[in-house]
Undergrad: 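The structure that follows is given in the form of structure tokens.
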Amino acid sequence: EVPSSRADQNSGAYVFRPSTPEEKLKLMNASPSGAKFVDTSVGTEVHVAFDAPWIRQVTRILKGQPYVEIEYTIGPIPIDDGRGREIVNRYITPIKSE
């Protein structure tokens, strides 16, 4: 059993639980030099590289569709330092939607 778990506490899947009170979220930026555009028969794909080689993202902009597809792949997550990682993907957009 994890020492910090309690019967009345959620699994932690929804809460950032730092190792120390001073620990902050580490932001991992996409590398502009790592973005690659690929034209396909159904649209355009944007392949993005991140600071960590174990995070990959492909965004598909499909012809004639009012949406985009985002494929976000994590792993294998390195564990050689004995610490876990919580991966969060946040999208910020000016799009006004319901």
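Just so you know, residue 1 is the first one in the sequence shown, and it goes up from there.
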Undergrad: Identify whether Leu62 and Val38 are in the same connected component of the hydrophobic contact network (ILVMFWY, side-chain heavy atoms under 4.5 Å).
TA: no
Undergrad: Who passes salt bridge (Lys or Arg N to Asp or Glu O under 4.0 Å) against Asp80, sequence neighbours left out?
TA: none
Undergrad: Search all heavy atoms of Tyr72 against all heavy atoms of Ile55 and return the closest pair with its distance.
TA: OH-CG2, 3.7 Å
Undergrad: I'd like to know if Ile74 and Val46 are part of one continuous hydrophobic network [Ile/Leu/Val/Met/Phe/Trp/Tyr, side-chain heavy atoms within less than 4.5 Å].
TA: yes
Undergrad: Test of understanding: with side chain to side chain contact (heavy atoms under 4.5 Å, CB included), list the residues that count as partners of Asp39, not counting sequence neighbours.
TA: Thr44
Undergrad: Please give the remaining members of the hydrophobic cluster of Ile79, linking ILVMFWY side chains under 4.5 Å, ordered by chain and number.
TA: none
Undergrad: List in chain and number order the residues that pass side-chain hydrogen bond (donor to acceptor under 3.5 Å, both in side chains) with Thr40, two or more places apart in sequence or in another chain; answer none if no residue qualifies.
TA: none
Undergrad: Quick one: side chains of residues 64-71, donor-acceptor pairs under 3.5 Å with protein atoms, not counting sequence neighbours, listed by atom name and distance.
TA:
| residue | atom | partner | partner atom | Å |
| --- | --- | --- | --- | --- |
| Gln65 | OE1 | Tyr67 | OH | 3.4 |
| Glu71 | OE1 | Arg60 | NH1 | 3.2 |
| Glu71 | OE1 | Arg60 | NH2 | 2.9 |

Undergrad: CZ/Arg56 to CZ/Phe50 distance, rounded to the nearest 0.5 angstrom?
TA: 11.0 Å
